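Some notes on the structure that comes next.
Quick caveat: nothing in here was measured; it's all calculated off a predicted structure. Here is the naming used below: chain letters follow the sequence lines, and residue numbers restart at 1 for every chain.
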Amino acid sequence: MVAKKKEHELIVSVSPHVKSDVTTSGIMWTVNIALLPAFIFSVYFFGPRALIVTSLCIVTALLSEWGFQKFTDKDTTITDGSAVLTGLLLGLNLPATVPFYIPVIGTISAIVITKQLFGGLGYNIFNPALIGRAFVLITWPRAMTTWMKPDAAFTSFDAVSAATPLGILKEEGLAKLLVEFGDKVNLYTELFLGHRAGSLGETSVLALLIGACYLLYKRYITWHIPLSFIGTVAVIAWIFGGEGWFNGDPLIHILSGGLILGAFFMATDYVTAPSVRKGQIVFGVGCGLITMLIRLKGGYPEGVMFAILLMNCFTPMIDRNMRSSVFGARKQVKEEAK
Amino acid sequence: MGLSTFEGGIHPPEHKELAEHSAIVEAKAPSRAIIPLSQHIGAPCESIVEIGKEVKKGEVVGNPGGFVSAPVHSSVSGKVIAIGDFPASNGRMVPSVVIENDSKEEWAPLKDDPDYMSRNADELREMIKNAGIVGLGGATFPSHVKLSPPKEKPIDAVIINGAECEPYLTADHRLMVESPKEVVEGLKIVMKVLGVKKGYIGIESNKPDAARIMSEAVAGESNIEVHVLQVKYPQGAEKMLIKSILDREVPAGGLPMDIGVVVHNVGTALAIYEACRFGKPIIERIVTVTGKGIKEPKNLKVRIGTPVSQLIEEAGGFIDDGPVKVIIGGPMMGFAQYSLDVPVTKGTSGVIAMTSDEYEPTEKFGPCIRCGRCIDICPMGLMPSMLSLFSEKGFYEDCKEYNLFDCFECGSCTYVCPSKRPIVQFVRLAKSMVKP
Ligand code: SF4
Ligand code: SF4
């Protein structure tokens with residue numbers, strides 16, 4: 001008989017017998033790679049400090065995840081790329097001039113408190129990197145809002161402090177911003193390239209978009225959250241952001257602050273955002289509204305971080321109430337509505 | 001692009017190239033045919049033979065055990081040598097009749113009728129029923145039941161399913177290329193039985209030759225249309241096929257006949273034709289024997305009851321390294337086999353021998369990262385992530401909240417899940433724990 005010898009070696013398992021080659025760790029590492037342009041730009045603009053701050057975050061992320069899992073007797077997951085991603089994102093969200101204990105403590109609160117204590121990857125309610133950032137911002141407000149002037153000279157270790165464009169806009173108005181940057185076209189260009197003060201990885205819209213396009217192309221993220229987020233920011237900025245109504249400058253609001261980094265890389269975090277597409281649009285709009293509320297009316301010049309964290313709270317509710325529409329039930333729903 | 005389809009669905013590697021161009025060849029009749037008495041959905045048959053009885057090819061050996069049932073016939077002429085439980089391809093032991101082939105190939109008397117189209121609907125339905133025809137796409141639902149809709153459910157369209165969306169399988173493809181006229185005749189019989197004016201044939205666009213040949217075959221028939229469909233799994237699931245062709249949605253929990261549609265597979269259409277024209281019962285079917293673990297992938301015309309090991313031999317045997325997994329049916333919904341002695345039944349559409357290239361044993365699965373992929377692709381619009389989470393935690397009742405029983409276990413969610421969660425298995429578990 002054919003293959004009698006082989007029979008006992010046949011694998012028996014349940015269908016389906018084929019699986020796609022996309023894996024969780026593959027996705028996580030890809031997002032890390034998509035952040036590389038922004039990381040490289042940050043080192044180019046802010047020098048060795050950028051390198052050190054981000055590396056500290058990544059190393060602390062790996063060590064604290066490994067340590068926690070050892071301590072609680074769980075299998076370690078540090079190779080899945082998610083801890084590295086949290087570290088990298090947090091690093092890119094810090095100013096260059098922070099004392100070096102800040103990245104370490106921020107990362108520990110991200111990994112241990114926000115992620116592992118909630119049950120690890122998949123179970124956390126809040127975006128770990130953002131909680132890490134919120135924690136250090138509240139604890140060390142001064143260090144976290146002292147910004148360094150971007151300087152292409154890799155050698156400069158002495159930071160010259162400067163305000164962020166949103167800070168200037170908030171405190172001194174658009175006119176001052178234009179004085180700083182020359183004219184509007186120059187302002188837009190500098191913002192787009194990232195030649196401005198700000199968190200390490202948020203400044204270069206160009207670098208961020210390169211990574212974001214890659215993720216969109218790979219379909220690891222979709223347009224739903226970023227577009228609704230950024231679109232809402234633009235509309236609110238246009239309506240309420242200027243002197244009088246319908247007079248604001250949406251582009252400044254889009255290009256500055258942490259909007260691009262937040263909208264493409266943090267609001268899109270699978271675990272903490274809704275998983276049904278229409279819910280994601282609601283989530284994105286909510287993020288946009290809260291961001292602009294803080295930017296225009298709040299005490300901070302920037303609101304992306306708090307906006308995403310607040311909307312993270314609503315994610316379970318959005319997912320529960322905005323379910324996917326079941327095949328065969330759609331038509332009936334429509335008829336009942338009539 | 002532009003081809004009709006449904007929302008959701010996936011694109012697993014097709015691997016159809018292995019067998020799609022090899023013409024159907026007749027496999028040797030088995031020296032011993034194992035005929036399971038339950039080869040369909042519904043009541044099992046009762047054996048009407050005893051050990052030692054001589055039977056002819058095409059003779060009934062098991063009578064239907066109810067209305068939703070179908071008789072089984074001997075696929076060889078010879079002597080009954082055993083009646084008892086034998087392993088079947090679904091992993092269970094099934095009562096079966098074993099017949100030793102005397103190689104005389106003597107047919108039981110068949111009712112040949114060149115003028116079958118002048119018969120009335122009831123007579124045709126009876127012939128289909130007596131021929132033991134069931135859904136040959138793999139669903140194995142008795143065909144005559146689909147042809148007996150209750151009065152309050154008027155049928156206005158018949159669809160012949162030539163989508164063949166499961167990867168690897170090419171049996172239906174070859175059938176359409178090689179016997180287009182017969183398939184069309186089968187469709188016409190179904191239309192006549194149901195008194196329906198409109199017939200459709202749905203074919204995925206990865207079978208352009210089949211689409212062309214079928215279109216030519218229906219050239220003169222103004223009431224039959226060939227629809228070319230987007231290549232996407234599970235395009236061939238009844239509900240998805242109807243949505244794609246007619247843009248009608250079978251209500252959740254309902255049947256195609258609720259919206260006036262009856263769907264039959266191309267193989268079933270051919271069998272219906274042969275039953276009405278020649279009085280021939282189902283004693284053979286086309287089986288794709290393929291996979292990289294097979295030396296010469298083939299489409300074989302196989303007697304029901306032939307052991308799978310024999311088919312593998314006829315397709316050149318296994319490659320030297322051997323397969324790691326042998327599946328009966330398609331890779332998305334088929335059954336992995338532990339023994340190759342199981343017989344081909346009416347529902348056996350393929351035998352796939354996968355090498356380690358094609359199949360990687362599942363590693364441990366991870367937590368749901370809520371990426372939403374499964375929700376995006378679920379053809380039924382469900383939230384498989386929630387089903388798997390609730391089932392994993394033992395909250396089976398909550399699964400019902402998320403339309404547990406609308407899941408038809410197509411496997412698409414499990415295919416796309418980056419955390420490799422066995423979602424379908426969680427669904428099966430939950431289904432077994434709660435009542436609909
Ligand atoms: S197996 Fe069920 S839940 Fe999963 S994709 Fe198919 S129908 Fe949806
Ligand atoms: S595909 Fe897997 S990880 Fe993604 S939401 Fe569905 S179950 Fe969760």
Under 4.5 Å from a heavy atom of chain A, the part of [X] involved:
{"X": "B:Ile375", "result": "side chain"}
{"X": "B:Cys371", "result": "both"}
{"X": "B:Val424", "result": "side chain"}
{"X": "B:Cys417", "result": "backbone"}

Checklist entry - Taking A:Ser82, A:Gly122, A:Ser13, A:Ser20 one by one, which has the highest count of heavy-atom pairs under 4.5 Å against chain B? => result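 Of A:Ser82, A:Gly122, A:Ser13, A:Ser20, A:Ser20 has the most heavy-atom pairs under 4.5 Å with chain B.
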Item to check | Interface residue of largest heavy-atom contact number with chain B, from A:Asp21, A:Ile221, A:Asp319, A:Val271, under 4.5 Å | outcome: A:Val271
Next on the checklist: Does atom CZ (B:Arg32) have a neighbourhood of more than 12 heavy atoms from anything else shown, all under 6.0 Å?
Outcome noted: no
Next on the checklist: Could you walk me through whether B:Phe335 and B:Ile327 satisfy the side chain to side chain contact (heavy atoms under 4.5 Å, CB included) test, starting with their C-alpha distance in whole Å, then the side-chain angles of each, then the deciding distance to 0.1 Å, before giving a yes or no?
Outcome noted: CA-CA 5 Å; B:Phe335 289 91; B:Ile327 297 159; 5.9 Å; no
Atom group of [X] that falls short of 4.5 Å from chain B, counting heavy atoms:
{"X": "A:Arg323", "result": "both"}
{"X": "A:Tyr220", "result": "both"}
{"X": "A:Ile27", "result": "side chain"}

Item to check | Test side chain to side chain contact (heavy atoms under 4.5 Å, CB included) applied to A:Phe126 and A:Ile308, step by step | outcome: CA-CA 9 Å; A:Phe126 296 104; A:Ile308 298 175; over 6 Å; no
Item to check | Min side-chain heavy-atom separation B:Met354-B:Val326 under 4.5 Å | outcome: no
Checklist entry - Does B:Lys232 make a cation-pi contact with B:Phe6, if we ask for NZ or CZ under 6.0 Å from the ring centre and within 45° of the axis? => result yes
Checklist entry - Hey, would you say the A:Phe283 and A:Phe314 ring centroids sit under 6.0 Å apart? => result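 Ring centres of A:Phe314 and A:Phe283 not closer than 6.0 Å.
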Item to check | Distance in Å, A:Phe264 CZ paired with A:Leu227 CG, rounded so as to fall on 0.5 Å steps | outcome: 7.5 Å
Checklist outcome for this item: Ranking B:Glu358, B:Glu401, B:Met386 by heavy-atom pairs under 4.5 Å to chain A gives rank one to B:Glu401
